[in-house]
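Here the structure comes first, spelled out in structure tokens, and everything after it is commentary.
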2 protein chains.
Amino acid sequence: MHIPSSRITINDIARLSGVSKKTISRVINQSPLVSEETRSKVEAIIAETGFVPNAQARALARGRNSLIALVHDGSDRGILEAVESGMLRGMEGSEFSLVLRPVEGDPVARLRSFIDQHRPTGIVLLPPLSESEELTLLCDETETRCVRLGRVRGEHGLACDDRTAMSELVAWLIRLGHTRIGLVSGPETSLTAQQRELGYLDAMADHDLDRGPALIAAGENSFESGMEAGRLLLEVSPRPTAIVACNDEMAAGVIQAAQRSGLMVPDAISVVGFDDTPLAARIWPALTSMHIPWAAMAQEAVSRIRGQAMAADDAPALKADLVIRNSVLPLENQSGAT
Amino acid sequence: MHIPSSRITINDIARLSGVSKKTISRVINQSPLVSEETRSKVEAIIAETGFVPNAQARALARGRNSLIALVHDGSDRGILEAVESGMLRGMEGSEFSLVLRPVEGDPVARLRSFIDQHRPTGIVLLPPLSESEELTLLCDETETRCVRLGRVRGEHGLACDDRTAMSELVAWLIRLGHTRIGLVSGPETSLTAQQRELGYLDAMADHDLDRGPALIAAGENSFESGMEAGRLLLEVSPRPTAIVACNDEMAAGVIQAAQRSGLMVPDAISVVGFDDTPLAARIWPALTSMHIPWAAMAQEAVSRIRGQAMAADDAPALKADLVIRNSVLPLENQSGAT
DNA sequence: TTGTAGGCGTTATCAG
DNA sequence: CTGATAACGCCTACAA
């Protein structure tokens, strides 16, 4: 016997309260088909005994486990912390638990066997996996609820407008007098990164500024790729007076590259990030960044999976928001050199 | 019917291969009591059909779920990333999945209901929760395997020697000529933090240096508390020439405080951290830090829970290791001011 | 080496 | 409103 007999089950409760298992089950599941009297009697006994329904048995009977999985490919670690804590907040006080599921290699096959094995109630997909239609199809097939973060179109999507947000960010730099603005782009396979790049191009075009390829360096969302891209952009002549990176990790890399080569930020060059991850506040100079409400989106995603999607009015605004810190100076206050 | 009948079960495999369920079960569980012939035939069919055993049914029958939980109280977010990825590496290719379980409030009650509900195979406890004997007892009671990270004594512990590591770190600063060395300590309720503080005191005493309370500021393992403690230490007169923080988050806070007040790191003051989290490499100047192999420990913890603890020889060394970056200068190369 | 019967704790069906 | 009875998919005893 694996399970200590001390562990109490629905049968014990049934016996103690003199009703059938099924009635206990109804009480547990808030079924309206129970008399007030019976319900309160049973509830008292449950409280008294500290009975907790066994999630495995339940999962087996229902064909669904009380798990919600966070599925990502590890390509953008910066936003993970916010997403995790948002999801956890959304599950607080519920029966649900959070499972971490990185998938590398063939995402469809990996995810399929994960779902077959654990039958989670739902999964939250992060970019760029959230951009795959295949994965959504897989969830439909397996009756797994699915929310795609950072991907607006489609019924399963939840995102804010990256393109507009980036364009506003760049427009803000332009208002500060900057005209030569470099971009560190994200992986070209990521639609989210593409949207951000388009936002940059929008703003530059709106103000008739040079948006030639020389001012754009390709990154991979990682700190290291940001450093590398930063080095490239710093050698462009004439040098950009501001650089915007498609996420905070890369922005931190740009700052590192700049300071190492003796260009102080923001005195010699301004740098801005995107996402507003915890890293932004911890580096020096503290990074000005466009806040993307990943935590709020993740929390809302969990609500949807739990079937408690808020009314449109109550839903959190899910809007991007500029957070000004210390990594940007108006052009007129910048010096040309160290 | 919740489960699409298309989903294949052990019964389908049994029928297809012309043997009984039990034999399939034996194959799945690597039982030696199966003939080579039968085994390979069954395995072929399993591969062909893509059959994945249902974890819920299995969990119900065995009384254990194929989950391993990471349990922490959120007080030291810096090491979470390393621990998560180490645990995931340890579970790669296995049937196990990682559940994230932050507990706030009454840890014993919270953990108990979590265990009752999900019956995880094991849990990994992070400091300071790993220091609680109560939680270990709870695991014993519920037959849940448990590994306590950062806590040496006892059969369930897995840690490296924080005290010695810190003392070596401080001794290294002393060899660089520093004599006035400040400390940002961790929460006094955390034994791990206490060990680190003791290591600092050891080294200072060994070299007959001032280790009075004026040079020690209390932190709470958070970035903000590090900034606050940093501000305090910078006002001590004469000012310390180096500050060591009990974790990287706080060290980043100290750097922020120093640079904001115009004291450049490391030119005016040296700063070192502890843990060597990803943050250390991302800030500027890059943080010199004592590497604590959290990822390796977490991976080993998972191995233990899976019952595959390596022989002592094969086990990863689990030793702390100094990682030198750019936040420290020998005293003679430091200038007294900006 | 393999198979049969029964149980794990819960939910669904359908009759009272 | 309530309760027998039969799943859910797998595993352990015990036989064969």
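Within every chain, numbering begins at 1; the chains are lettered A, B, ... in the order of the sequence lines, protein sequences first and strands thereafter. Values reported hereafter were calculated over all heavy atoms of this structure, with side chains retained and with hydrogens, waters and symmetry mates removed.
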In whole Å, what is the span from the [atom1] atom of [X] to the [atom2] atom of [N]?
X        : N      : atom1 : atom2 : answer
A/Lys22  : D/dC8  : NZ    : C1'   : 14 Å
A/Asn65  : D/dG9  : CG    : C1'   : 14 Å
A/Asp12  : C/dT10 : CG    : P     : 9 Å
B/Lys21  : D/dC14 : NZ    : P     : 19 Å
B/Gln56  : D/dG9  : CD    : P     : 11 Å
B/Asn54  : D/dC11 : CG    : C1'   : 13 Å
B/Ile8   : D/dC8  : CD1   : P     : 15 Å
B/Arg119 : C/dG9  : CZ    : P     : 8 Å

Which distance, rounded to the nearest 0.5 Å, do you find between the [atom1] of [X] and the [atom2] of [Y]?
X        : Y        : atom1 : atom2 : value
B/Thr136 : B/Leu125 : OG1   : CG    : 6.5 Å
A/Asp140 : A/Glu133 : CG    : CD    : 10.0 Å
A/Leu80  : A/Trp294 : CG    : CH2   : 10.5 Å
B/Leu33  : B/Lys22  : CG    : NZ    : 9.0 Å

Practice problem: Decide side-chain hydrogen bond (donor to acceptor under 3.5 Å, both in side chains) for A/Thr121 and A/Arg145; before the verdict, give the C-alpha distance in whole Å, the side-chain angles of both, and the deciding distance to 0.1 Å. | Solution: CA-CA 6 Å; A/Thr121 298; A/Arg145 297 187 196 182; over 6 Å; no
Practice problem: Could you point out which residue of B/Leu149, B/Val147, B/Ile305, B/Leu158 forms a side chain to side chain contact (heavy atoms under 4.5 Å, CB included) with B/Glu300? | Solution: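 The residue from B/Leu149, B/Val147, B/Ile305, B/Leu158 that satisfies side chain to side chain contact (heavy atoms under 4.5 Å, CB included) with B/Glu300 turns out to be B/Leu158.
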Practice problem: Using a cut-off of 6.0 Å, state whether more than 12 heavy atoms not belonging to B/Glu37 lie near its atom CD. | Solution: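 Atom CD in B/Glu37 is not packed in, count stays at 12 or less.
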Self-check item: Residue A/Arg62, side-chain heavy atoms: nucleotide from C/dT11, D/dC10, C/dG9 that is nearest
Solution: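 My answer, after comparing the listed nucleotides, is C/dT11.
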Quiz item: Which nucleotide, C/dG9, C/dG3, C/dG7, lies nearest any side-chain atom of B/Leu60?
Solution: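 Closest nucleotide among those given: C/dG9.
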Quiz prompt | Given DNA chain C, 5'-ward residue of the pair B/Ser20 and A/Asn11, judged by closest heavy atom | solution =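 Going by which nucleotide is closer to the 5' end, it is B/Ser20.
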Practice problem: Could you please spell out the steps behind the salt bridge (charged side-chain N to carboxylate O under 4.0 Å, His left out) verdict for A/Arg148 and A/Glu131? | Solution: CA-CA 8 Å; A/Arg148 305 159 75 175; A/Glu131 291 151 10; over 6 Å; no
Quiz item: When you check the phosphate oxygens OP1 and OP2 of D/dC11, does a side-chain N or O of B/Arg58 lie under 4.0 Å from one of them?
Solution: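 True: B/Arg58 side-chain N/O within range (under 4.0 Å) of D/dC11 OP1/OP2.
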Quiz prompt | Trace of the salt bridge (charged side-chain N to carboxylate O under 4.0 Å, His left out) decision for B/Glu95 with B/Arg62 | solution = CA-CA 14 Å; B/Glu95 58 178 330; B/Arg62 298 203 287 212; 3.7 Å; yes
Exercise. Could you list by number each residue of residues 23-41 of chain B showing a heavy-atom separation from DNA chain C of less than 4.0 Å, or answer none if no residue does?
Key: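 Within residues 23-41 of chain B, the residues near DNA chain C are B/Thr23, B/Arg26, B/Leu33, B/Val34, B/Ser35, B/Thr38.
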Quiz prompt | Overall bend - the helix from C/dT1-D/dA16 to C/dG16-D/dC1, comparing terminal axes fitted on five pairs, nearest 10 degrees | solution =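 The end axes of the helix from C/dT1-D/dA16 to C/dG16-D/dC1 are about 30° apart, to the nearest 10°.
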